[in-house]
Novice: 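This is the structure, below, for whatever I ask next.
Ligands are counted one by one from 1 in listed order, and the atoms in each one are counted from 1 as well. All values below come from the heavy atoms of this structure, side chains included, with hydrogens, waters and symmetry mates left out.
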Amino acid sequence: MSGPVRATDVWRDPTHPEAGPPPGPPPELAVTPSRTADVGGMPVRRALPQRGRRTVGAWCFADHMGPHDVGPDASVDIGPHPHCGLHTVTWLTEGRLLHRDSLGSEQPIRPGQLNLMTAGRGVSHSEESLDWSGRLQGIQLWVAQPEATRHGPAAFEHHDTLPQVELDGATATVLVGAFGGVRSPARADTELVGVDLVLRGPTTHALDPSFEHALVVIEGAVQVGGPDPVGPGHLVYLAPGHDELPLAPMGPTRLLVLGGVPFESPILMWWNFVARTREEVDEATREWNAGSDRFGDPDSPLPRIPAPATPW
Ligand code: MN
């Protein structure tokens with residue numbers, strides 16, 4: 001099939017009911033539940049995508065991983081799998097993981113560090129807990145690449161440290177973009193922000209009103225301009241037009257702020273591929289399952305994960 005991507009084509013998942021129509025004009029502020037899933041033996045809360053909410057800026061996927069006790073009998077092994085048309089952004093608050101990719105990268109990641117992999121036309125990678133034991137928690141994010149870069153080369157960057165700023169009532173670590181007067185060196189192909197906020201008390205932060213924003217609470221609970229506290233397992237969405245973010249934590253609270261200029265086009269997301277048309281997804285599926293050079297091969301002891309059949 002060809003032609004423009006319809007809104008109902010944008011998110012399909014065999015574990016999820018058929019995506020409904022878009023919800024109409026975005027509400028000023030909406031709190032919606034994440035859904036639970038299992039990734040590599042680890043429970044995750046998937047805050048994005050949701051029915052009627054496929055992207056926030058270019059952010060198109062947000063899995064809150066854990067907390068999960070990793071050990072000899074409970075390793076986290078995500079075998080080699082492909083991506084195209086997106087950046088993966090990995091941020092841990094506890095534990096460690098080893099990233100291997102088809103570019104030859106072999107990069108451990110710990111809390112406070114950022115792994116950012118650009119898929120472009122194609123890349124493959126694995127995530128492994130190795131023989132490490134302990135508690136793992138973090139967030140796995142994807143960012144949709146714009147037309148200008150999505151057919152380009154793959155790349156990988158690791159940031160050992162990121163800019164941090166002490167604000168009134170909060171410590172902000174800037175993963176991507178700018179916040180609180182500091183800017184992350186991490187790659188961003190569209191106007192984007194991603195910030196880890198550790199809250200000590202009530203605080204208000206300036207937002208770029210041209211951005212839409214989302215909050216994902218990692219620990220604790222927070223009031224966001226309303227009486228009902230929001231904890232882990234939800235997505236808080238703020239439409240463009242907000243120029244400040246009032247936060248009142250109920251105790252020690254940690255959350256991620258994600259935002260950006262509304263994405264340039266609808267996306268078609270299936271399995272690990274971000275595309276625009278079904279033909280593109282069919283081609284990526286065929287090429288990965290045929291072992292094509294397009295996605296390469298990470299040097300991982302884990303077995304490759306085959307792409308599922310497309311549902312159309
Ligand atoms: Mn991946």
Novice: What are the protein N/O/S atoms, named by residue and atom, that sit under 2.8 Å from the Mn ion (ligand 1)?
Specialist: H81 NE2, H83 NE2, H125 NE2

Novice: Indicate whether any N or O donor in one side chain lies under 3.5 Å from an N or O acceptor in the other, for H158 and N115.
Specialist: yes

Novice: Do H213 and H242 pair up side chain to side chain, a donor and an acceptor below 3.5 Å, judged on atom types alone?
Specialist: no

Novice: Return yes if a side-chain donor-acceptor contact under 3.5 Å exists between S265 and E147, otherwise no.
Specialist: no

Novice: Give a yes or no on whether a salt bridge exists between D63 and R46, defined as a side-chain N under 4.0 angstrom from a carboxylate O.
Specialist: yes

Novice: How does the hydrophobic cluster around L103 look, that is, which other residues are in it when side-chain heavy atoms under 4.5 Å mark a link?
Specialist: M117, V123, F156

Novice: Decide whether T161 and H159 meet the rule of one side-chain donor and one side-chain acceptor closer than 3.5 Å.
Specialist: no

